[in-house]
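The block underneath contains the structure these notes are about, expressed in structure tokens.
The structure displayed is predicted, hence computed values, not measured ones. Just so you know, residue 1 is the first one in the sequence shown, and it goes up from there. Note that these values count all heavy atoms, side chains included, but never hydrogens, waters or copies made by symmetry.
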Amino acid sequence: MSTLKSRTSTRTSARRTRALAATAGALVAAGALAGAAPASAAGAPDLVVTAVSWGPSSPVVGAPVTFRATIANRGTAATPAGVVHGVQFKVDGVMTTWSDSSTAALAPGASRTVTANGGPAATAVWTATAGAHRITAEVDDARRIAESDERNNRLERTLTPRAGSATVSSEVVVAGTGSDRWVSVRSTLGPSTRPSYVSSRLSGTLSAACFDARGTAVAGTVRDLGRVAIGDTAAGPFRSSPDAVYAVADANPAPVTLTADVVLRAVLRDRAGDLAGLGCAGGTTAGFARWSVDSLTTQRRSLVDDAVMATATSTDRVTYAFPAPAA
């Protein structure tokens, strides 16, 4: 009798083992169907947010604010290529914008900075409001990538926009795609009973290269041409300038945002002679490569007497890639 019980118990235990194995296999398959990239047996990535920033760096109340985050891989394996390395931005716990444009693999120890490009309200910016706000960035918020630690994906900072009375804040913006790209300065003006204008000066490092017939810079030909400045903080309705970067506003009881395009032909005109020194080989064409702007000064002046009402500066780096030159 005891032998029969032992055999029955053994068969029951075997059936349970097979059932548990089948259940585990189903759970693994379900995880794969859910879209999470499986971790390698040799290790796994571990994504963290190392920095949270925004532009303008010191926004006034009413200004459109663009969030950025630096993400890093502290794991032992690269993240999978082709999978969105998403970042969600929250203001006081409420999702406001997100970044979903980063899909390149991130090697262990590597990092990159991503910028908000969308949001639930069909905009990539948050309109600043008064008071102190908790800004939270969370990487891999949709859990597309399997990580060794899913509990360290967030970083929080505090942002307190400045009061908006007769103030100004500004940022450099690169817009458009491909050959149809341009640079502009976006300024937010606080309320004022006087009409005013904003005028900006931008400065950054210019580079050039030799481009092949496909419009690709040939490796080893990129050259630093030094710094280039465009615009004048005093240029505007009272002082003309061929490369002035300014915009005019009426008296504004509420904050208003202005955009002034940067006249890049000033760069092409003044530095064209530098291209001859590249010594490009046959079949390639010399052309400007990038303008990395890292200094912006904007003044808000009265349209009544040209008095300076406010000044804003920014050292945020923004890079403009020139269209490839015609062969």
Side-chain angles (χ1 to χ4, degrees), residues 26-55 64-127 133-157 159 171-181 216 290 292 316-321:
L27 289 174
V28 170
L33 291 174
S40 166
D46 181 19
L47 292 173
V48 297
V49 179
T50 60
V52 181
S53 60
W54 43 79
V65 178
T66 303
F67 295 121
R68 296 183 291 268
T70 299
I71 61 175
N73 181 3
R74 292 182 177 171
T76 56
T79 58
V83 177
V84 173
H85 295 45
V87 175
Q88 173 183 253
F89 297 98
K90 292 182 178 181
V91 178
D92 298 328
V94 178
M95 182 173 66
T96 304
T97 57
W98 60 62
S99 169
D100 61 2
S101 59
S102 176
T103 58
L106 195 62
S111 65
R112 71 171 63 111
T113 299
V114 300
T115 302
N117 65 338
T123 179
V125 299
W126 169 69
T127 300
H133 301 282
R134 293 180 293 108
I135 311 301
T136 306
E138 180 181 1
V139 64
D140 195 30
D141 56 300
R143 297 297 183 264
R144 300 180 179 95
I145 300 172
E147 303 178 55
S148 59
D149 188 349
E150 300 282 2
R151 300 165 297 176
N152 59 353
N153 290 18
R154 299 182 186 87
L155 184 65
E156 182 177 298
R157 282 190 60 191
L159 168 60
E171 64 176 329
V172 179
V173 178
V174 175
T177 58
S179 60
D180 186 23
R181 304 180 78 222
T216 303
R290 296 178 181 276
S292 296
D316 292 341
R317 180 179 293 275
V318 177
T319 299
Y320 170 78

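- Here the OG1-CD distance, from T96 to Q88, works out to 9.0 Å after rounding to the nearest 0.5 Å.
- Of the inter-residue distances, the one linking L159 atom CG with D92 atom CG reads 9.5 Å to the nearest 0.5 angstrom.
- Rounding to the nearest 0.5 Å gives a distance of 11.5 Å between OG of S111 and CG of L47.
- Take R112 and apply the side-chain hydrogen bond (donor to acceptor under 3.5 Å, both in side chains) test, not counting sequence neighbours, and it matches S102.
- The two residues A72 and L106 make their nearest non-hydrogen contact at C-CD2, 4.0 Å.
- D316 approaches R68 most closely through the heavy-atom pair OD2-NH2, 3.4 Å.
- Rounded to the nearest 0.5 Å, atoms CZ (R157) and CD1 (I135) are 9.5 Å apart.
- The backbone N or O of A44 sits less than 3.5 Å from a side-chain atom of T76, completing a donor-acceptor pair.
- In this structure, the side chain of R134 does not engage the main chain of E156 through any donor-acceptor pair within 3.5 Å.
- Minimum heavy-atom separation, A69 to V49: CB-CG1, 4.2 Å.
- Here the closest non-hydrogen pair linking V318 and V174 is CG1-CG2, 3.5 Å.
- Around CZ of R290, the count of heavy atoms belonging to other residues, nucleotides or ligands within 6.0 Å does not exceed 12.
- Among residue pairs with one or both ends in residues 77-97, those qualifying as ring-ring contact (aromatic ring centres under 6.0 Å, His included) are F67-F89; sequence neighbours excluded.
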Solution key, residues 115-125 side-chain donor-acceptor pairs under 3.5 Å, sequence neighbours excluded:
unit_1: N117; atom_1: OD1; unit_2: D100; atom_2: N; d: 3.2
unit_1: N117; atom_1: ND2; unit_2: D100; atom_2: OD1; d: 3.0
unit_1: T123; atom_1: OG1; unit_2: V125; atom_2: N; d: 3.4

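- In terms of heavy-atom proximity, A78 sits nearest to A107 at CB-CA, 4.0 Å.
- Annotation: side chain of N152 is not in contact with side chain of R74 (no heavy-atom distance under 4.5 Å).
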Exercise. Do E150 and D140 pass the side chain to side chain contact (heavy atoms under 4.5 Å, CB included) test, and can you show the C-alpha distance, the side-chain angles, and the key distance before you say yes or no?
Worked result: CA-CA 9 Å; E150 300 282 2; D140 195 30; 4.3 Å; yes
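- In this structure, W98 and D141 have side chains that are not in contact, with every pair of non-hydrogen atoms separated by 4.5 Å or more.
- For the pair V48/I71, no side-chain contact is recorded, criterion being any heavy-atom separation below 4.5 Å from C-beta on.
- A heavy-atom distance below 4.5 Å is not found between the side chains of V114 and S101.
- Rounding to the nearest 0.5 Å places CG of L155 at 8.5 Å from OG1 of T136.
- Counting heavy atoms from C-beta outward, R144 and T79 have side chains that stay 4.5 Å or more apart.
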